Asks: 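Encoded as structure tokens, here's the structure I'll be asking about.
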Amino acid sequence: MNPNYFSDLNVQQKDAVMHTEGPLLILAGAGTGKTRVLTSRLAHIIDQKKAFPSNILAVTFTNKAAKEMQVRIGNIIGSAIEGMNWLGTFHSIGAKLLRMHAEEVDLKSDFTILDTDDQLKVIKEVIKSINIDEKRFPPRYFLSQIENWKNKGLPPEKVAKNELDMIGHEKSIDVYDKYQNRLSRLNSADFGDLLLLPLELLQKNESLLNKYQRIFSYILVDEYQDTNSVQYLLLKLLSQRSLNIACVGDDDQSIYGWRGADVNNILNFERDFRGAKIIRLEKNYRSTKNILGAARSLISNNKDRLGKELSSYKEDDGDKVKINSVWSADDEARLVSDEIDKIISKKENLNNTAVLVRASFQMREFEDRFIINSIPYRVVGGPRFYERQEIRDVIAYLQLVANPNHDLKFERIINTPRRGLGDTTLRKINDAARRDDISLYDISKKIVHTDELGGTARVKLKSFISMIDSWREKVNKIDHITLTELILEDSGYIAMWENEKTPNSESRIENIKELIGQLSEFQSLSEFLDHVSLVMDVENDENSSKVSLMTLHSAKGLEFDYVFIPGMEEGVFPNQRSLDEKGNSGLEEERRLAHVGITRAKKYLFLSHAQNRRVYGNWTQSIPSRFLSEIAPEFIEQEMIYSDYTQGYPSFSHTNYNQKNNNSQTALERLQAIGYLDNLEYDDLSFSQEINVKPNQRVFHTKFGYGTVIDCDNDRIEVEFKTGKKIVLASYLELVNND
DNA sequence: TCATTACTCCTTTTT
DNA sequence: GGAGTAATGA
């Protein structure tokens, strides 16, 4: 027996594939071939006829990972993959279970899944109804309380009244309780419910539990270090009978503590699942020795670890890790762009290049710069397609047609486009609905026959309602694409954007067209709406060569030849709030995040920190991240500051790191001291430089990007930019090295 | 009813 | 520097 899925596996990997019976924990470090082991293992179980594909529960952390696994298993087992009904994220599997048994938890099977915006709206309503001061207790505060409880598997009645570990606790419980009531009245579930309600279902209903324990004869969990308590409880329940649960994870990559992930799940695996076997995968096939060394030295600063040392499979030391000090965040983006230009000139595919940031606000500088330098890029997990205003509007229409009692969507579109049904009318409808305790849609049907509303409002409301009814009638008669087009026509929504003359109204219409295009990938309206709620992202085209720009969190599980991690500054990374709120454990999580980032790189790693950065629009100084000094010096190579004003002045260095951080002298003062600056204000910096240009000189212009000087006429300079020839003032140009 | 403006408080990370 | 909101005016 030597099926092809065994070939090229090392001893530990084979072990993990073969060990099919009983609990198993695979501790898989970054780049150790985890996905291969997972897919091979699944293929092995199916191939050996230990279980049908439909009897395997395989949980991944992201939809992307689920999809990738599906493709890879499909390559091994062929069409049998179609039987794998239970491969997906915890949330999508939870939703599936919930739809099948919704009645048992006071929902209907066509319930809608709420997004954060909707959640906040509901909470605001609740807060208002029990007279809580929104200023003292912002809705977000309650939302995070509720999410915490849900992550722990606690419904309102289980939240112990004596758990007084936070201010406003009683209020929170009250809000939680009323919030849940409201959700079930809206026939809706939020993300937390997709896990919590299935758990309740299984805890309450023993025969159902037995059924699913039988169905799932093998359970496989990816990214186990990121599971929270509900997820743990679900797994525990479901695996009790077969005991065939295999979890893959890496405690050094646990980065979702803020979302309720509990590292103890992985740390206590042996205790929780008796007789568990543990296999370590420590051979890293991804990175060069220098990169791996940097990662290892950094993460060794963490205390709470299971203990695992990655060793390099690659013979190659590779380039040293580059650490760069720059003057400002703008310079940082410029430097990264220049480096990427070098990668482009090597004719590399840019899909192998990524810029990873700690927080999404850092992306702006890079996007601006990439546009100026015409570097093609994609933002991964950035401003989501489905979160755009026009897309949400269209979806609101569709959701309302699917579920007319969805008050939140009703409110969203009742006056979009303008129908003369403004705040006043809406308030009246709301009051009446509350009085009769029915939905906005239902009350509207009633009050168009009374005189509660003024004459015009009544007529307008009536036509709005009959429009919805006419769409609802057609749901089962025409296909969902035609229906959507009809809705957009009838409602005047498309016309609204067509009539608007703002620069982005055209792209909004494009987006709507794209949405309609996507509809064809689904069988029905409800299938599409489910997809939208669960998979907030839209796939990127992977065919074109583009730099990826994303957060470190969304980079988990990916790998790139070239990786840039800017913003290595105290406060940014490690993130200040994380330190303030969680102290040392917060710091360790940040360090793990840095470790994740570093181990994404296969052969080239670039780290940088800026000395000055705008925070809330004000220039603020920052000091290099402690993480830089925690990387052992033998793996790194330091570069000088990249700026015309501060050339040759190294900011970060191992030897004087501590001294520097205790030094009260600011970056600005240091520069003044060495004569680079003469009491200049920061804002003057960009135009303070006299320049002297000659033809062929490479120059840079903030608006047009890089170019080459063609001709000079005093201070009027003719420059060839990427976008064409322009005559610009010398004072707007900066010199660039000609190389 | 809707558009404009002044003013507040921000920002971590995602299913 | 920006999004969301409350207050003001047309």
Side-chain angles (χ1 to χ4, degrees), chain A residues 59-66 88-95 113-117 119-120 124 134-135 138-140 144 147 150-151 189-196 222-223 226-228 230-231 253-261 329 356-365 368 380-384 386-387 389 414-427 454 456-457 460 531-537 550-557 567 571-582 586 589-590 592-594 596-597 613-620 683:
Chain A
V59 208
T60 60
F61 193 66
T62 61
N63 291 294
K64 203 172 174 185
T89 61
F90 267 108
H91 289 89
S92 64
I93 287 168
I113 300 167
L114 295 192
D115 58 32
T116 313
D117 267 27
Q119 288 179 286
L120 283 171
K124 276 183 195 163
E134 222 183 272
K135 289 268 144 39
R140 288 209 157 273
S144 79
E147 274 174 358
K150 288 190 174 178
N151 286 337
D190 66 14
F191 262 85
D193 287 339
L194 297 182
L195 305 176
L196 181 62
D222 194 12
E223 308 282 11
D226 289 324
T227 51
N228 59 31
V230 211
Q231 292 166 337
Q253 292 189 62
S254 162
I255 54 175
Y256 282 93
W258 50 273
R259 210 174 83 186
L356 310 180
V357 295
R358 173 66 246 266
S360 33
F361 72 84
Q362 292 169 261
M363 289 187 186
R364 251 201 72 176
E365 275 116 3
D368 290 352
V380 180
R384 317 276 181 88
Y386 293 124
E387 281 171 7
Q389 184 195 340
I414 185 172
N415 205 28
T416 313
R418 301 260 133 81
R419 302 189 171 87
L421 295 166
D423 291 348
T424 320
T425 313
L426 185 57
R427 198 176 56 244
T456 37
K460 284 169 174 164
H531 170 86
V532 170
S533 329
L534 286 169
V535 188
M536 291 300 284
D537 225 343
M550 66 180 109
T551 64
L552 285 149
H553 280 87
S554 43
K556 192 168 73 158
V572 176
F573 196 18
N575 176 276
Q576 192 57 46
R577 222 162 122 177
S578 189
L579 300 182
D580 291 346
E581 283 168 13
K582 305 277 264 317
E589 181 154 316
E590 293 287 303
R592 290 194 291 269
L593 189 56
V596 167
R613 178 180 294 280
R614 269 175 199 268
V615 180
Y616 305 142
N618 302 316
W619 281 104
T620 316
D683 284 341

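These numbers come from the heavy atoms of this one structure, side chains and all, not from hydrogens, waters or symmetry mates. Source: prediction; values computed, not measured.
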Asks: If we ignore hydrogens and angles and just use 3.5 Å, is the side chain of N575(A) paired with the main-chain N or O of E590(A) as donor and acceptor?
Replies: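 Pair absent, no side-chain N/O of N575(A) close to backbone of E590(A).
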Asks: Think T551(A) has a side-chain N or O under 4.0 angstrom from the OP1 or OP2 of dT14(B)?
Replies: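 So the side-chain polar atoms of T551(A) do come within 4.0 Å of the phosphate oxygens OP1 or OP2 of dT14(B), strictly under.
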Asks: Whole angstrom is fine here: how far is it from CG in D190(A) over to P in dT15(B)?
Replies: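 It works out to 16 Å between those atoms.
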Asks: Look only at the side chain of T620(A) and the backbone of N618(A), and say whether a donor-acceptor pair between them is shorter than 3.5 Å.
Replies: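 Pair found, side chain donor or acceptor close to backbone of N618(A).
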Asks: With the six-membered base ring of dT13(B) as reference, does the ring of W258(A) sit under 5.5 Å away with planes under 30° apart?
Replies: yes
Asks: What is the separation between atom CE on M363(A) and atom P on dT12(B), rounded to the nearest whole Å?
Replies: 15 Å
Asks: If I take atom OG1 from residue T89(A) and atom CG from residue D222(A), how far apart are they, to the nearest 0.5 angstrom?
Replies: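 Separation between the atoms: 12.0 Å.
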Asks: Separation of R427(A) atom CZ from dC2(B) atom P, in whole Å?
Replies: 14 Å
Asks: Classify the nucleic acid contact of E581(A) as base, sugar-phosphate or nothing, counting any heavy atom under 4.0 Å across all strands shown.
Replies: base
Asks: When only distance counts, do a donor and an acceptor, one from the side chain of R358(A) and one from the base of dT12(B), lie under 3.5 Å apart?
Replies: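 For R358(A), whose side chain was compared with the base of dT12(B), there is a donor-acceptor pair (under 3.5 Å).
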Asks: Strictly distance-based, threshold 3.5 Å: is any side-chain N or O of D193(A) a donor or acceptor partner for the main-chain N or O of D190(A)?
Replies: yes
Asks: Of Y256(A) and V615(A), whose nearest nucleotide on DNA chain B comes first from the 5' end?
Replies: V615(A)
Asks: dC10(B), OP1 or OP2 - any side-chain N/O from R577(A) closer than 4.0 Å?
Replies: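 No, R577(A) has no side-chain N/O under 4.0 Å of OP1/OP2 on dC10(B).
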Asks: First locate atom OG1 of T551(A), then atom CE of M363(A), and finally report the distance between them rounded to the nearest 0.5 Å.
Replies: 5.5 Å
Asks: Closest approach to the side chain of K124(A), judged atom by atom: which nucleotide of dT5(C), dT12(B), dG1(C) is it?
Replies: dT5(C)
Asks: For K582(A) and dT12(B), is the shortest distance between a side-chain N/O and OP1 or OP2 below 4.0 Å?
Replies: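 So the side-chain polar atoms of K582(A) never come under 4.0 Å of the phosphate oxygens OP1 or OP2 of dT12(B).
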Asks: Taking atom P of dC10(B) as reference, at what distance in whole Å does atom CD of Q576(A) sit?
Replies: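 That distance rounds to 16 Å.
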Asks: For dT12(B) and dT5(C), measure between their C1' atoms and round to the nearest Å.
Replies: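 These two C1' atoms come out 24 Å apart once rounded.
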Asks: Taking atom C1' of dT14(B) as reference, at what distance in whole Å does atom CD1 of I255(A) sit?
Replies: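 Computing the I255(A):CD1 to dT14(B):C1' distance gives 10 Å.
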Asks: Can a side chain N or O of N415(A) be found less than 4.0 Å away from OP1 or OP2 on dC2(B)?
Replies: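 Yes, because at least one side-chain N or O of N415(A) sits under 4.0 Å from OP1 or OP2 of dC2(B).
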Asks: Taking R358(A) for its side chain and P574(A) for its backbone only, find out whether a donor-acceptor pair lies under 3.5 Å.
Replies: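 Not confirmed, R358(A) side chain does not pair with P574(A) backbone.
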Asks: Pairs under 3.5 angstrom, nitrogen or oxygen only, protein versus nucleotides 3-7 of chain B, please.
Replies:
from, atom 1, to, atom 2, distance (Å)
dA3(B), OP1, R418(A), NH1, 3.4
dA3(B), OP2, R418(A), NH1, 3.1

Asks: Dot-bracket, 5' to 3', for DNA chain C please: Watson-Crick or G-U pairs under 3.5 Å, [ ] where pairs cross earlier ones, | where the partner sits on another strand, dots elsewhere.
Replies: .|||||||||
Asks: Just how far, in rounded Å, is C1' of dT15(B) from NE2 of H531(A)?
Replies: 14 Å
Asks: Work out how far the P atom of dT13(B) is from that of dG4(C), and round it to whole angstrom.
Replies: 15 Å
Asks: Using atom types as modelled and distance alone, determine if a side-chain donor or acceptor of Q231(A) lies under 3.5 Å from a backbone N or O of F90(A).
Replies: no
Asks: Would you mind classifying the nucleic acid contact of F90(A) as base, sugar-phosphate or nothing, using non-hydrogen atoms under 4.0 angstrom?
Replies: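 It contacts nothing in the nucleic acid.
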Asks: Categorize T425(A) for me: base, sugar-phosphate, or nothing, with a 4.0 angstrom heavy-atom threshold over every strand shown.
Replies: sugar-phosphate
Asks: To the nearest Å, how far apart are E589(A) CD and dT14(B) P?
Replies: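 Interatomic distance, CD of E589(A) to P of dT14(B): 13 Å.
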Asks: Does the R592(A) side chain pair with the main chain of S254(A), one donor and one acceptor, at a distance under 3.5 Å?
Replies: yes
Asks: From the set dG1(C), dT15(B), dT13(B), return the single nucleotide nearest to any side-chain atom of R364(A).
Replies: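 Nucleotide nearest to R364(A)'s side chain: dG1(C).
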Asks: Is there a donor-acceptor contact under 3.5 Å from the side chain of H91(A) to the main chain of L194(A)?
Replies: no
Asks: Give a yes or no on whether a salt bridge exists between E147(A) and K150(A), defined as a side-chain N under 4.0 angstrom from a carboxylate O.
Replies: no
Asks: So which one's nearest nucleotide on DNA chain B is more toward 5', R419(A) or E590(A)?
Replies: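 The 5'-side residue here is R419(A).
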Asks: R140(A) CZ to dA3(C) C1': how many Å, rounded?
Replies: 12 Å
Asks: At what distance, to the nearest 0.5 angstrom, does OG1 of T227(A) lie from OH of Y256(A)?
Replies: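 Reported value, rounded in 0.5 Å steps: 13.5 Å.
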